[in-house]
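Predicted model only: the values in this text are computed from it and were never measured. Computation of the quantities below employed the complete heavy-atom set of this structure, encompassing side-chain atoms and omitting hydrogens, waters and symmetry-equivalent molecules.
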Amino acid sequence: LDSRDFLEVETPVLQTLYGGASARPFVTHHNTLDMQLYLRISDELYLKRLIVGGLERVYEIGKDFRNEGVDRTHNPEFSMLEVYQAYADYHDMMDLAETMYAEVATQVTGSPVLTYQGQGIDLSPPWPRIPMLEAIAQYGDIDVANASDADLEGACKRLGADLDPGTERGILINELFELCVEPKLIQPTFITDYPLAVSPLAKKHRDNPELTERFEIFVNGWEAGNAFSELNDPVDQRERFEHQMSLRDKGDDEAQVLDEDYLRAMEYGMPPTGGLGVGIGRMVMLMTDSPSIRDVILFPHMRPEEG
């Protein structure tokens, strides 16, 4: 990133309002100011404030904190790389991501071709770029475009999903993808064009307003990166935040919160921007053939000893 004229920066870990991802935060208290603060769940909204401020290529490698479960690819405290580039879009971020992964693998292991848990993984660009609806048709044999909401809900339940009645169509589509496609994506793959309902910070797709210009990286059956053509319309962003707040009112404690300060920054003028986030722990798992994220964290979170 340094060789591509990106500037490494630091943004606040203690935030007055958390945002940039769908997750529950850790909450703390500042005694002197007598105010509630949150450990950040993402660097995103502050890094995009820097884009507004005229820093056109920025990145941060730092700790994020999400009040969530622990499994082989999740730890509540984790290292994240986030990258933002003005006058770029998600196509540019795909180019950057596949090049970065291949170059890192070559520097670390000597080759872009790895063996992970006995499975060969070839990180050499270019990687397949598959729209989500096409991936569901290809791997799940479900024609999402011509299916009713009831059809999608029924398919999700047959696959074992636990859904509330009346779940939004976009959420149903994403649920179907996670159930019938994600585990099958072993070689590095970009899944593109996510539903609007699950992408509140991504720009609407230039050809279909029900979708967004978003992709995620999948390798070995798990998500290894997330990126957008960043939403830079403050009116649209306010509507998305308000919709997220309505989901919170209905009991979704991972829905995003409305951030007036971020909206004010966007109103000053944010250029078209591409953004990318990569979990460092999962990248290191891949490069070191480690089966669990606990194997690449020196002090993973564990339950305390009894007594």
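A heavy-atom distance below 4.5 Å is not found between the side chains of T273 and N232. In this structure the side chain of P271 reaches within 4.5 angstrom of the side chain of I51, judged on heavy atoms. Two residues are said to be in side-chain contact when any heavy atoms from C-beta on lie closer than 4.5 Å; T11 and E82 fail this criterion. Here the side chains of H30 and M35 are in contact, with some heavy-atom distance below 4.5 Å. Inter-residue side-chain proximity for L258 and E242 is flagged as met; some heavy-atom pair is nearer than 4.5 Å. You'll find the side chain of E98 reaches within 4.5 Å of the side chain of P126, heavy atoms only. Taking 4.5 Å as the limit, some side-chain heavy atom of R240 sits within range of a side-chain heavy atom of K204.
The two atoms that bring F215 and N226 nearest to each other are O-OD1, 3.4 Å, heavy atoms only. Residue S22 comes nearest to Q256 through the heavy atom pair OG-NE2, 3.8 Å, listed as atom of the first residue, atom of the second, then distance.
With hydrophobic clusters built from ILVMFWY side chains whose heavy atoms lie under 4.5 angstrom apart, V13 does not share a cluster with L81.
Between K203 and E213 there is no salt bridge, since none of the side-chain N atoms of the basic residue sits less than 4.0 Å from a carboxylate O of the acidic one. The pair E153-R169 does not count as a salt bridge, with every side-chain nitrogen at least 4.0 angstrom from each carboxylate oxygen. A salt bridge does not link E168 to K250: none of the charged side-chain nitrogens sits closer than 4.0 Å to a carboxylate oxygen.
Annotation: cation-pi pair R49/Y46 present, NZ/CZ under 6.0 Å from the ring centroid and within 45° of its normal. Taking the ring centre of F6 as origin, the terminal cationic atom of R57 falls inside the region bounded by 6.0 Å and 45° from the ring axis.
Side chain to side chain, T167 and D164 fail the donor-acceptor criterion of an N or O pair below 3.5 Å. Side-chain polar atoms of N208 and H205 form no donor-acceptor pair below 3.5 angstrom.
Annotation: Y90 is not in aromatic contact with Y194 [ring centroid separation under 6.0 Å not met].
With a 6.0 Å radius and a threshold of 12 heavy atoms from other residues, nucleotides or ligands, D2 has its CG atom above the threshold. Around atom CD of E10, no more than 12 heavy atoms belonging to other residues, nucleotides or ligands sit under 6.0 Å away.
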Item to complete: Please step through side chain to side chain contact (heavy atoms under 4.5 Å, CB included) for the pair E103 and T106, ending with a clear verdict.
Response: CA-CA 5 Å; E103 288 190 8; T106 301; 5.7 Å; no

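Between the CG atom in L286 and the CH2 atom in W222 there is a gap of 5.0 Å [rounded to 0.5 Å].
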